[in-house]
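Supplied in structure tokens, the structure appears directly below.
Numbering starts at 1 and runs along the sequence shown.
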Amino acid sequence: MGRMILCPHCRSTFDEDILKKKNSINVCLVCGESLLGDSDSSKDDQSDWITWYYYGHKSDNGKTSSLRDEPIDLTQHGDIFFLKKEFKAPPRDSAGSADRAKKVLRTYYPNAFPEPKKEDTTVHCPFCGYHEFTLLNRGYSIFTGFLGSDKVKRICNRCKMQF
């Protein structure tokens, strides 16, 4: 049995022989940080990160929430808000958006501030909602002759309605 190694970040202990078997002598198996105790490059790019505060509203048991870069005084507003999470994330960008902070927050709360869904741009039948249809030329009509014959009509493959 080899010597015991303590991770300085997550405080997990490992046997040196197990780390050698896993080819992970310098990396913690639990948190992935360096076992050497020195600051690695991932900490350097986070040097400008600030503390963010993720609050829930007590009125709906935290379903409505807000993200702030300044703390709320809970002694005054404790009957309205409660702190869900305090975390480090990048500051607002030049446009004042907190999108990068929301992305970091989603590692803790996956459903927090979901990204907007893209609009469905596919054509659907207005009668039955089916998405498959046939395109046909309008052709000749007794009332209009060849007027509008270059236009296309759509016929739903399910309900056979024209739209």
Side-chain angles (χ1 to χ4, degrees), residues 7 9-10 12 18 21-24 27-34 40-74 76-163:
C7 175
H9 303 282
C10 68
S12 300
I18 294 174
K21 287 180 185 176
K22 299 282 184 180
N23 292 329
S24 177
V27 179
C28 176
L29 297 175
V30 175
C31 68
E33 295 288 335
S34 173
D40 57 345
S41 61
S42 66
K43 298 292 182 190
D44 294 337
D45 63 351
Q46 298 176 2
S47 62
D48 64 335
W49 285 21
I50 62 170
T51 303
W52 286 87
Y53 304 91
Y54 182 50
Y55 292 100
H57 294 264
K58 286 186 175 180
S59 61
D60 59 0
N61 211 15
K63 291 180 183 174
T64 307
S65 54
S66 63
L67 181 65
R68 300 174 185 243
D69 52 359
E70 295 289 328
I72 294 177
D73 186 10
L74 292 178
Q76 291 180 344
H77 304 288
D79 54 337
I80 301 170
F81 298 104
F82 65 94
L83 182 65
K84 285 179 142 181
K85 182 73 178 169
E86 182 178 330
F87 64 99
K88 294 276 191 180
R92 294 183 187 275
D93 59 9
S94 59
S97 174
D99 290 338
R100 295 188 307 164
K102 289 178 182 178
K103 186 176 179 181
V104 173
L105 176 63
R106 284 188 208 108
T107 60
Y108 303 110
Y109 291 97
N111 296 331
F113 301 106
E115 294 184 25
K117 294 181 180 177
K118 295 179 181 174
E119 286 188 28
D120 187 18
T121 57
T122 59
V123 177
H124 297 283
C125 174
F127 303 102
C128 67
Y130 199 59
H131 63 277
E132 291 183 12
F133 52 89
T134 304
L135 297 175
L136 297 173
N137 287 333
R138 288 180 66 182
Y140 178 79
S141 168
I142 295 175
F143 301 110
T144 61
F146 286 107
L147 266 153
S149 63
D150 59 337
K151 295 189 178 177
V152 177
K153 62 181 176 181
R154 294 180 222 127
I155 299 177
C156 177
N157 290 350
R158 178 185 282 166
C159 68
K160 308 297 185 215
M161 294 296 290
Q162 178 180 331
F163 64 100

With rounding to the nearest 0.5 Å, note down the distance linking NZ in K160 to CZ in F127.
14.5 Å
Are W49 and V104 close enough that some pair of their side-chain heavy atoms sits under 4.5 Å apart?
yes
List the atom of A101, the atom of F87, and the distance in Å for their closest heavy-atom pair.
O-CE1, 3.7 Å
Hey, are the side chains of V152 and N137 touching, using non-hydrogen atoms and a 4.5 Å cut-off?
yes
Please verify the inter-ring angle class for Y55 with Y53; under 30° counts as parallel, over 60° as perpendicular, anything in between as tilted.
parallel
With side chains defined as the heavy atoms from C-beta onward, is the minimum distance between K58 and D79 less than 4.5 Å?
no
Sub-4.5 Å side-chain heavy-atom contact between F133 and F163:
yes
May I ask you to check if K85 and Y109 form a cation-pi contact, with NZ or CZ under 6.0 angstrom from the six-membered ring centre and within 45° of the axis?
no
Quick check: do L105 and F113 have side-chain heavy atoms less than 4.5 Å from each other?
yes
Does the side chain of C125 come within less than 4.5 Å of R158's, by heavy atoms?
no
Can you label the angle between the H131 ring and the H124 ring as parallel, tilted or perpendicular, going by 30° and 60°?
perpendicular
From C159 atom SG to Y130 atom OH, the distance as rounded to the nearest 0.5 Å
10.5 Å
Is there side-chain contact between W52 and R92, with heavy atoms separated by less than 4.5 Å?
yes
With rounding to the nearest 0.5 angstrom, report the CZ to OG1 distance, R68 to T51.
16.0 Å
